[in-house]
Amino acid sequence: MAKRVITYPDKRLKQHSKDVEKFDENLHTLLDDMYATMLESGGIGLAAIQIGTPLNVLILELCDEDGNKISELMEVINPKIIKKEGETKHKEGCLSVPDFYEEVVRFEKVSVAYKDRHGNDVSVDADGLMSIAFQHEIDHLNGKLFFERLSILKRKKFEKEYMAPAKIGKK
Ligand SMILES: [Zn+2]
């Protein structure tokens, strides 16, 4: 069932999520709800905390700029970045920060170790959009939003525009 996506400045987005210990029906329901929510919202990734559940769970299903699917659905539990290299810049947005897009500097490639919905070990070497999406969603699990990675100047501009009273009133 699709849930409401929590948006900034909701304080829950600052929470540090905890590891999943039981790979049971509750986890599977959470994953299914997250997928329904992501489909409805038109995102390419979602972290559990974005629907208010502080667990280390994220999903990814990547699309290119024309909306064509370029990856299968990935269900990622308790992820750890085990290798990172290079540097890249990409214009990012976030379902929890509506209508704001800005270039963020991140690692070009990351290797991530995680569990699937049944608790099996998985690891993946990610580059391109997949690498960026992993880093963006793992930031959510650590209570961090993408605009916190911007320069002070760009961040001030964001705070001013996003937090303007007229705009908040519309949310
Ligand atoms: Zn996000």
Side-chain angles (χ1 to χ4, degrees), residues 1-38 41 43-62 73-85 87-88 90 92-98 100-102 104-124 126 129-152 154-156 158-159 162-163 168 171:
M1 193 174 62
K3 306 276 182 180
R4 200 180 72 84
V5 176
I6 292 172
T7 54
Y8 181 76
D10 191 308
K11 286 198 167 55
R12 284 174 287 178
L13 293 167
K14 302 295 298 172
Q15 242 174 297
H16 286 244
S17 293
K18 294 206 159 52
D19 272 352
V20 170
E21 284 169 4
K22 286 190 187 143
F23 294 79
D24 59 7
E25 204 49 45
N26 291 335
L27 173 66
H28 297 170
T29 303
L30 171 66
L31 285 163
D32 296 342
D33 287 350
M34 286 171 67
Y35 189 58
T37 306
M38 188 173 78
S41 318
I44 60 167
L46 191 76
I49 192 63
Q50 290 180 277
I51 57 167
T53 304
L55 286 173
N56 286 327
V57 177
L58 65 90
I59 58 171
L60 298 176
E61 189 176 63
L62 306 177
L73 170 64
M74 303 172 78
E75 297 178 327
V76 178
I77 327 291
N78 302 347
K80 302 266 179 300
I81 295 181
I82 50 174
K83 210 171 113 191
K84 44 201 176 189
E85 64 178 87
E87 193 179 286
T88 185
H90 183 80
E92 295 184 22
C94 179
L95 294 175
S96 293
V97 189
F100 179 75
Y101 302 88
E102 190 54 82
V104 180
V105 178
R106 296 199 184 268
F107 297 108
E108 186 184 7
K109 296 179 184 175
V110 291
S111 300
V112 184
Y114 61 93
K115 306 265 191 200
D116 69 11
R117 65 158 64 205
H118 304 294
N120 300 311
D121 288 310
V122 185
S123 70
V124 62
L129 185 59
M130 187 179 290
S131 168
I132 290 158
F134 261 116
Q135 293 172 73
H136 178 114
E137 300 307 332
I138 289 172
D139 270 359
H140 275 298
L141 306 182
N142 294 314
K144 194 157 188 161
L145 294 166
F146 77 107
F147 60 77
E148 295 178 69
R149 295 198 175 275
L150 299 176
S151 68
I152 295 198
K154 280 188 176 167
R155 191 168 165 179
K156 276 190 175 154
F158 160 74
E159 297 280 354
Y162 189 86
M163 300 299 282
I168 284 291
K171 286 188 199 304

Self-check item: Lys156 backbone acceptor or donor facing Glu159 side chain under 3.5 Å
Solution: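 No; zero donor-acceptor contacts below 3.5 Å.
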Quiz prompt | Ser111 side-chain N/O to Ile82 backbone N/O, donor-acceptor pair under 3.5 Å | solution =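 Absent.
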Tell me the closest heavy-atom pair linking [X] and [Y], and the distance in Å.
X      : Y      : value
Thr7   : Leu13  : C-CD1, 3.6 Å
Phe107 : Thr88  : O-CG2, 3.6 Å
Leu55  : Leu30  : CD1-CD2, 4.2 Å
Pro79  : Val76  : CB-CG1, 3.6 Å
Ala126 : Ser131 : O-CB, 3.5 Å
Ile49  : Gln15  : CD1-OE1, 3.9 Å

Any side-chain heavy-atom pair of [X] and [Y] under 4.5 Å:
X      : Y      : result
Cys94  : His136 : yes
Arg155 : Glu148 : yes
Val104 : Leu150 : yes
Val112 : Lys80  : no
Val105 : Glu87  : yes
Gln135 : Val110 : yes
Val124 : Phe134 : yes
Phe158 : Val97  : yes

Distance check, rounded to the nearest 0.5 Å: [X] atom [atom1] versus [Y] atom [atom2]?
X     : Y      : atom1 : atom2 : value
Ser41 : Arg4   : OG    : CZ    : 11.0 Å
Gln50 : Glu137 : CD    : CD    : 5.5 Å
Met74 : Leu58  : CE    : CG    : 9.0 Å
Leu46 : Ser96  : CG    : OG    : 7.5 Å
Ile59 : Thr37  : CD1   : OG1   : 7.5 Å
Leu62 : Leu129 : CG    : CG    : 5.0 Å

Practice problem: Go through Tyr114 and Ile77 one step at a time and tell me if the side-chain contact (heavy atoms from CB on, under 4.5 Å) criterion holds. | Solution: CA-CA 6 Å; Tyr114 61 93; Ile77 327 291; 5.8 Å; no
Self-check item: Single hit among Asn120, Asn78, Asp121 for side chain to side chain donor-acceptor pair (under 3.5 Å) with Lys115
Solution: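 When side chain to side chain donor-acceptor pair (under 3.5 Å) is applied between Lys115 and each of Asn120, Asn78, Asp121, only Asp121 qualifies.
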Exercise. Please collect all salt bridge (Lys or Arg N to Asp or Glu O under 4.0 Å) contacts where either partner lies in residues 26-38, sequence neighbours excluded, each pair once.
Key: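 Pairs touching residues 26-38 that pass the test: Lys3-Asp33, Asp32-Arg117.
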Quiz prompt | Among Lys14, Arg149, Lys144, the one residue meeting salt bridge (charged side-chain N to carboxylate O under 4.0 Å, His left out) with Asp139 | solution =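 Exactly one option meets the salt bridge (charged side-chain N to carboxylate O under 4.0 Å, His left out) with Asp139, and it is Arg149.
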Quiz item: Using the ring of each side chain (for Trp, its six-membered ring), is His118 parallel, tilted or perpendicular to His28, with breaks at 30° and 60°?
Solution: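 Rings of His118 and His28: perpendicular, over 60°.
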Quiz item: Strictly by modelled atom types, are Tyr35 and Glu75 linked by a side-chain donor-acceptor pair under 3.5 Å?
Solution: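 The answer is no; no qualifying pair exists.
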Exercise. State whether a side-chain donor-acceptor pair under 3.5 Å links Asn56 with Asp19.
Key: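 There is such a pair between these side chains.
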Exercise. May I ask you to check whether Tyr8 and Phe147 place their ring centres under 6.0 Å from each other?
Key: yes
Quiz prompt | Among Phe100, Phe146, Tyr101, the one residue meeting side chain to side chain contact (heavy atoms under 4.5 Å, CB included) with Glu92 | solution =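 By the side chain to side chain contact (heavy atoms under 4.5 Å, CB included) criterion, Glu92 pairs with just one of Phe100, Phe146, Tyr101: Phe146.
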